[in-house]
There are 2 protein chains.
Amino acid sequence: MLTDEYRYKILKELQQDPNISQRQLAKRLGISLGKANFCLKALIEKGSVKAENFKNSTNKVGYLYLLTPKGIEEKVILTQCFLQRKLKEHEELEKEIEQLRQEVKS
Amino acid sequence: MLTDEYRYKILKELQQDPNISQRQLAKRLGISLGKANFCLKALIEKGSVKAENFKNSTNKVGYLYLLTPKGIEEKVILTQCFLQRKLKEHEELEKEIEQLRQEVKS
DNA sequence: TATGCTGCGTTCAATTAGTGAACGATGATA
DNA sequence: TATCATCGTTCACTAATTGAACGCAGCATA
């Protein structure tokens, strides 16, 4: 349920904004609140993220979702995997578009 | 349930091999037989694919899943959308990897 | 102080999506 | 004819996902 894709996306979001609510996170990733909550908990459970209690300036209560060293390392690896995957997809699609052009031509 | 992703992938598979069983299709796309059946039916329903009865050389019964003109056009459009999406993802990941390198450096 | 308002994380019943074993049908083969 | 393999189809079962509802905490206003 917590796929590499969401593991990556969540770590990325948290890294660039640890002060983010689960609702905001859900909205940014295009998933439901329930799923965001589930995934986040899983990341905390595994020690990739630490939820630090804090009080916001604008009358909010919530956590600061900070990447642990483990989480940072995990994100590095995931990012590299993602880059490779995307490069491969990109390459395949270039072939595909070339095929397509041949098709259209005829 | 039948997302653009699978619409695209199925049309692609069928185009390059109309003589393919639902089981083979499912395996190639990494989905279940049930889902493959469902998606294929949806494509036929919408007129993108036509199932033509035929008898294979190697003692099989099955259909020839042929793309209709509409299906071909649909695939062209989907492919273009996909290329754009992938290019964008690729671009974003390049930025991301650059950020990452900065991180790692420090 | 009390009341209301807002946004927080959490829960969980309900919905939706996905799975694959089982079935009957069809040809090929012995 | 009997057996075997593969076909598409079905559908009960499981997994994944949703979002309304809840209690809580802090701030603003009466």
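From a predicted model like this one, the values you see are computed outputs, not experimental measurements. In what follows, chains carry the letters A, B, and so on, assigned in the order in which the sequence lines appear, proteins first and then strands, with residues in each chain numbered from 1.
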* Take atom CD in B/Q84; do more than 12 heavy atoms of anything else shown fall under 6.0 Å from it? -> no

* To do: Go through the N and O atoms of the side chain of B/R23 and the base of D/dG8, and report whether any donor-acceptor pair is under 3.5 Å.
  => yes

* Structure fact -> Between CZ of B/F38 and P of C/dA17 the distance, given in whole Å, is 8 Å

* Give me the one residue out of B/K86, B/R85, B/K9 that meets salt bridge (Lys or Arg N to Asp or Glu O under 4.0 Å) with A/E89. => B/K86

With 3.5 Å as the limit, what N/O pairs link the protein to nucleotides 10-16 of chain D?
| from | atom 1 | to | atom 2 | distance (Å) |
| --- | --- | --- | --- | --- |
| D/dT10 | OP2 | B/K41 | NZ | 2.6 |

* To do: Please determine if B/E96 and A/K75 form a salt bridge, counting it only when a charged side-chain N lies under 4.0 Å from a carboxylate O.
  => yes

* Would you kindly give the NZ-to-P distance between B/K27 and C/dT19, to the nearest whole Å? => 14 Å

* Structure fact -> Between CD1 of B/I31 and P of C/dT19 the distance, given in whole Å, is 7 Å

In a table with atom names and distances, give each donor-acceptor pair under 3.5 Å that connects a side chain of residues 67-74 of chain A to protein atoms at least two apart or in another chain.
| from | atom 1 | to | atom 2 | distance (Å) |
| --- | --- | --- | --- | --- |
| A/T68 | OG1 | A/G47 | O | 2.6 |
| A/T68 | OG1 | A/S48 | O | 3.2 |
| A/T68 | OG1 | A/K70 | N | 3.4 |
| A/T68 | OG1 | A/G71 | N | 3.0 |
| A/K70 | NZ | A/K46 | O | 2.6 |
| A/E74 | OE1 | A/S48 | OG | 2.4 |

* Asked: Taking CG from B/L29 and P from C/dG18, how many angstroms apart are they, rounded to a whole number?
  -> 13 Å

* Cation-aromatic face contact B/K35/B/Y6, 6.0 Å, 45 degrees -> yes

* Roughly, in whole Å, what's the span from CG in B/L2 to P in C/dA17? -> 11 Å

* Asked: Considering residues, nucleotides and ligands other than A/F38, do more than 12 of their heavy atoms fall under 6.0 Å from its CZ?
  -> no

* Structure fact -> Whole-Å distance, A/L40 CG to C/dC8 P, equals 13 Å

* Asked: B/Q22 CD to C/dA25 P: how many Å, rounded?
  -> 18 Å

* When you measure from the side chain of A/Y63, which nucleotide among C/dG9, D/dG19, C/dT19 comes out closest? -> C/dG9

* Please report, rounded to the nearest Å, how far the P atom of C/dG7 is from the CG atom of A/L25. => 18 Å

